[in-house]
Amino acid sequence: QSGEVRVAVASNFYRPMQALANDFEQRSGHQVSLSAGSTGKLYAQIINGAPFDVFVAADQARPQALIEQDLATADSLMTVAIGQLALWSADAKLITGQQQLQPNSTIKRLAIANPKSAPYGAAAIAVMEQLGVAQYWLPRLVQGQNISHTYQYVSSGNATAGFVAVSQVYQQGRLIAGSAWLVPSSLHPALKQDAVLLQSATTNQAAQALIEYLRSNAAKTIIQSFGYRTQSQ
Amino acid sequence: MSGVDLTVVWLTLKLASVVTLLLLVIATPVAWWLSQTQSKLKPAVSAIFAIPLVLPPTVLGFYLLLLLGPNGPAGQLSAGLGLGTLPFSFAGIAIACAVHSLPFVVQPLQNAFEAIGKRPLEVAATLRASPWDTFWHVVVPMARPGFFTAIVMGFCHSIGEFGVVLMIGGNIPGETRVLSVEIYNHVEAMEYSQAHWLAGGMVAFSFVALLAIYIINHRANRRGTL
Amino acid sequence: MSGVDLTVVWLTLKLASVVTLLLLVIATPVAWWLSQTQSKLKPAVSAIFAIPLVLPPTVLGFYLLLLLGPNGPAGQLSAGLGLGTLPFSFAGIAIACAVHSLPFVVQPLQNAFEAIGKRPLEVAATLRASPWDTFWHVVVPMARPGFFTAIVMGFCHSIGEFGVVLMIGGNIPGETRVLSVEIYNHVEAMEYSQAHWLAGGMVAFSFVALLAIYIINHRANRRGTL
Amino acid sequence: MAIVAKFRVEREGFTLDMALNLPATGITALYGASGSGKTTCLRAIAGLERLPNSFFQIGTEVWQDESNGIFVPPHQRQIGYVFQEASLFPHLDVAANLQFGQKRIAAAERQVSESHIIELLGLKPLLKRSPAALSGGERQRVAIARALLTSPQLLLMDEPLSALDRALKQEILPYLERLHQELAIPVIYVSHAADEVTRLADHLVLIDGGEVKAAGPIKQVLLDHQHAELFNDGASSVIEGQISGHLEHYASELRFGRFALRLSQQDHPVGQQLRCRVFASDVSVCLTQPHDTSISNIFPAKVSSVGDGRRPGEKLVTLQLDQQQHLLAQLSSHSVERLQIHPGHHVWAQVKSVAVL
Amino acid sequence: MAIVAKFRVEREGFTLDMALNLPATGITALYGASGSGKTTCLRAIAGLERLPNSFFQIGTEVWQDESNGIFVPPHQRQIGYVFQEASLFPHLDVAANLQFGQKRIAAAERQVSESHIIELLGLKPLLKRSPAALSGGERQRVAIARALLTSPQLLLMDEPLSALDRALKQEILPYLERLHQELAIPVIYVSHAADEVTRLADHLVLIDGGEVKAAGPIKQVLLDHQHAELFNDGASSVIEGQISGHLEHYASELRFGRFALRLSQQDHPVGQQLRCRVFASDVSVCLTQPHDTSISNIFPAKVSSVGDGRRPGEKLVTLQLDQQQHLLAQLSSHSVERLQIHPGHHVWAQVKSVAVL
Ligand SMILES: Nc1ncnc2c1ncn2[C@@H]1O[C@H](COP(=O)(O)OP(=O)(O)OP(=O)(O)O)[C@@H](O)[C@H]1O
Ligand SMILES: Nc1ncnc2c1ncn2[C@@H]1O[C@H](COP(=O)(O)OP(=O)(O)OP(=O)(O)O)[C@@H](O)[C@H]1O
Ligand code: MOO
Ligand SMILES: [Mg+2]
Ligand SMILES: [Mg+2]
């Protein structure tokens, strides 16, 4: 019989999650309802009794913290996707590679996500440190609250370029607009996004089915099509 | 607009209406007390009722979440009374929203009440109207501009309410996902054209609605006092 | 509190003060016009000035970003005037914040102006006061409760302003990182104890500040009219 | 029935300290200079001002007795109040203003006819107007009508007629008189206008600097030379009598003691008690009985005293008609000297005009 | 100097249509029933009400001429205005209210002494008070002082004294008179009180239903029987003469034509023009010259007409003293018949009292 599963999903993963949910609903007959929010907010809501079954975070820390508090089941923990970082500009000619990150760049203002709350932001800082240009960029940064704000800063031209998620600027493996440099994942800690089944949903078969589904290859194909990498089993 | 969006619009209007009603019920006696009292507590009470303004909505939402959640004192009380907990329910966002908009409603009412002065109350008393009667038949009609402002501000602010609702409500479709949250969802999903449509529609609708009530109010004012 | 936090507090107070001033400068003539006009445009203008209430702050911020950005009409104008673009600057968040808080300031002022009635203006005219003179020496003092409310609401709302600032500001330390954003960041980052300290401090400080001005206002009221 | 009141309050530069003992019938005038405390006293009676250590009783009902913690709030006192500044409700039209109080009393208690009052006060064309579209006098008339329509047990009026012109006053005054005669509503009436007071009042309370300087039946208070200065309307005396007949030439005759006074025609039936006021300035004196004069009211009298008038060169002469009745005459010292008017002399008092009260 | 005004406006149930041509000197009274349009007219003069198709000119200054698009806003008209309801600024204390207008005129133009006015109107103890802590009369006095302190070119007063008691009026009236004599400020004065009007006014405009019924020098207007009803104060006549001497017994003598009138003592020097009002009700008639009467003013006169008085049973008799001077006498029809008073008869007019204007 068909059940219902309520998913709290980090905003950056909202689009792939919609596609995943559609596919899952067709396959299983279960109903999925999505609640998007920042990872930190969703976490705060869950520890205060939010009625969610599955939590798809933007990082690994929050699902881990839930498991430690016995609010999520440890055996359900999985890495759903691994984010990729891109230096992107709305200007089609601007970004030709990492050289635009060197001092005296044509980039006037560089947008990143808030490194404190968004993993993509922390990753961007790591990249700049790796390249030894962090000191140069620090006073030239603007921070979006999350990766979606960051994207908006760049796409509206307010920031010349910014570190965004590949998933935001690529579709079917092609850049949608502007110019970009795909940041090698070796330059920053992996942007692993974990999902977990919440303790309150251990008897919810639809929720368990969704966790199962997320591990499936079908799901991975969809996730990859949004510009994420997935973990090999 | 899709079927989902209509639910969202409906929920938004319902929220704004419920909150406005709630606000009037709470703010009217508070504002009246503040306007009439000689008590030394007046500044303290006034300050308390202005506090929700100072806190960022998300932060306010966060603390309301802590307070009303299953571990919070208010949450334990409401659970103990068999009411369950309020966050992530329509009642929850309505209450949170009301807390956040309270100052916008208390202030204009208080100003309107104070502007009436003592004389009309005295006249009403000499015409045998009890304080309660006077309140309804003299104070309320004479404070009409204040009520009008309070209602417009309370209603509009509830429609635009976002941070508190998102925090307390949890973006749950059909229950707590209101228009502002839906626009946020579209933006997050990079569905900008939908976001533009929704936001544009919201502005257009609000403008027409506001225009209508301002025109009605304008007429009523002309008919009424100078 | 750390050194960083003090910068943030300072910036927040500066923002709120600048915005409040800006609001008074913009809202006072608008409210005065609205209170005096016989024009048919009155309801339309009123409605326009209420619109910022309806839009969720983040959405408003989003559109202001588009409008003020280098590709937006306002941005091109400001760039053409050699002013650069406004987003990610203190001036930018101040303007955005002012747009968002405008209704809270226009409304109480308008109500206060309307409550004065025509007679004091007539009396002032027969005592040789020009309209300008009358405005400053009769209207403003008589509308004191309205100005008080407008200032409190504008100032507090600017302190609590969040969505718009977040969007337009870019969280630049010392420039656009204000208290509300800082607390929000702590909440997001699971740094709850820092969030509690900051939020608690903010509430406590605001309460004391509000209490002080309410007490002063209370005294002034007593001394003034009945 | 009596009204007993004791009010005391200290204000910056003003102390009110009044003890009043008034009959709870008829019209009592509070008369005094600007700032003497009339409005404060009226407000205290209505309960609008709760003065500490005060007491107010009307008949058997105690409305305020602070020593026993009694204070009946204003809306439970069956009063009508006409404020010094007509205070109409700006959000109601004239008709709704009128009905405001009337609606709030039981139908059985309504003793005042709405249509009658509307006609009397000429409010018909104003009923649908907003108070802002009324002239000053029109506003005041509406306020009077509104207070009357609550059929009060006690009517308090703070200079209700001062915004009205004489013709309107002349119409309203008899109505107020009749009202209090027919309905026996006691009225406390604040006025600056001596003619209103003398016409209307049965009792007079002279107030000065927050204190009661004199109180009593108007005839008594007015006759006392001492109060002429306070009352400020020129000395006068009051004649009370019975209508004894209606004469040709639109005249009526009032009998008092063994005398008769010729008046302009009165509507009242024969036998009706009537009160007239004779200003000292309207009384002249002849040594011999005048015959071919247009003055109709001439009485033999005995000079009982000669006092100083208000201004130098003026004398106030008290003339005794009989045991009961005195008349005051204001004469120039010149005439007093020329005619040798001294106490004990017999003269003829000519009364040029009489104001029926 | 003259004031020329033409105002027209239609309101629900009221039409104002006035053309006025007044001297821009002295005091002009607007007199009329409640709702007759006095306040509207005054507001139009001040420019507070901008009536369409209207015109106003004072001296050579045109303040309003709609056909030429001229409209001087109120604050540029050098007027003083006392509103019907004292409209003090609630946010200012009495002193600041007084200074509000004074501060706004150049020091050189200040012709009215602040300390003098404060003393005259007894405002000293009130200076630090808030308007809310004043009695009704006190508020009105502050409003009068405030208007005077702007040293206006034209003073507009809307029933300024109706909230004041007689004693205060008696103090303020002479001041207003002197003010307009010394400073030559023309005054337009709305009043219901006939005694104020006759005392103060040089010109009288009778208004009824939004129209001017009569206008002219007060002596002329009052003498016309027709207007007695409108003026509503009882008929009277005005005597204008010169003080010819001060007598013993605190009396003065006024010479008019070949007659002399005995008055209470006047402060004015010999030679001073003076105006008195004689109410018809204060004049009685004898067929033979009375001798032993206290009435000092007795004149031979010829009956020139006998008309009906205001009430049945009353006659208004015009007595001619000489070519110039008439006196009105109000007699009962009874007396007229008894004494056979007909036009052409010679009688003695006894004037019991005279009001110095
Ligand atoms: N805004 C208005 N709309 C309609 N009628 C009005 C308005 N204002 C005044 N009136 C009417 O105009 C007439 C004249 O009013 P105005 O105030 O000039 O009278 P007034 O002579 O000053 O009377 P009062 O002695 O009672 O003050 C009145 O009948 C009044 O009802
Ligand atoms: N709130 C107050 N504070 C201080 N003094 C006051 C206050 N209210 C009234 N007074 C003073 O009390 C005195 C009496 O005032 P009240 O209004 O009773 O006078 P009134 O006799 O009615 O005078 P009027 O004839 O001028 O209306 C006045 O001197 C007034 O200034
Ligand atoms: O989806 Mo996030 O947690 O706002 O980057
Ligand atoms: Mg009074
Ligand atoms: Mg008037």
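Every chain is numbered from 1 and lettered A, B, ... according to where its sequence line falls, protein lines coming before strand lines. These numbers come from a predicted model, not from an experiment.
Of all the listed residues (D:Arg141, D:Arg11, D:Glu314), the one sharing the greatest number of non-hydrogen pairs under 4.5 Å with chain E is D:Arg141. Put simply, of D:Ser281, D:Gly13, D:Gly122, the one with the most heavy-atom pairs under 4.5 Å next to chain E is D:Ser281. Of all the listed residues (D:Glu337, D:Gln265, D:Glu159, D:His291), the one sharing the greatest number of non-hydrogen pairs under 4.5 Å with chain E is D:Glu337. Interface check for chain E: of the options D:Ile295, D:Ile341, D:Thr39, D:Val336, the most heavy-atom pairs under 4.5 Å are formed by D:Ile295. Counting heavy-atom pairs closer than 4.5 Å to chain D, the top residue among E:Ser34, E:Gly137, E:Gly313 is E:Ser34. Contact count versus chain E (heavy atoms, under 4.5 Å) is highest, among D:Asp292, D:Leu287, D:Leu247, for D:Asp292. Contacts with chain E were tallied for D:Pro125, D:Gly37, D:Gly35; D:Gly35 has the most, counting heavy-atom pairs under 4.5 Å.
Expressed to the nearest 0.5 Å, how far NE2 of D:His334 lies from OG of E:Ser264 amounts to 13.5 Å. The CZ atom of E:Arg129 sits 9.0 Å away from atom CZ of D:Phe14, with the distance rounded to the nearest 0.5 Å. Rounded to the nearest 0.5 Å, atoms CG (E:Leu263) and OG (D:Ser332) are 11.5 Å apart. For the atom pair CD of E:Gln350 and CD of D:Gln350, the computed distance is 5.5 Å after rounding to the nearest 0.5 Å.
A donor-acceptor contact shorter than 3.5 Å is absent between the side chain of D:Lys352 and the backbone of E:Lys352.
Scanning all heavy atoms of the two residues, the minimum distance from D:Glu85 to E:Gly136 falls at OE2-CA, 4.4 Å. When every heavy atom of E:Thr293 is checked against every heavy atom of D:Cys286, the shortest pair comes out as CB-SG, 3.4 Å. Annotation for E:Ser335 and D:Ser294: closest pair OG-O, 2.8 Å, computed over non-hydrogen atoms.
For chain E, the nearby part of D:Ser135 is the side chain; its heavy atoms alone come within less than 4.5 Å. If you measure heavy-atom distances from D:Asp158 to chain E, you find no contacts under 4.5 Å at all.
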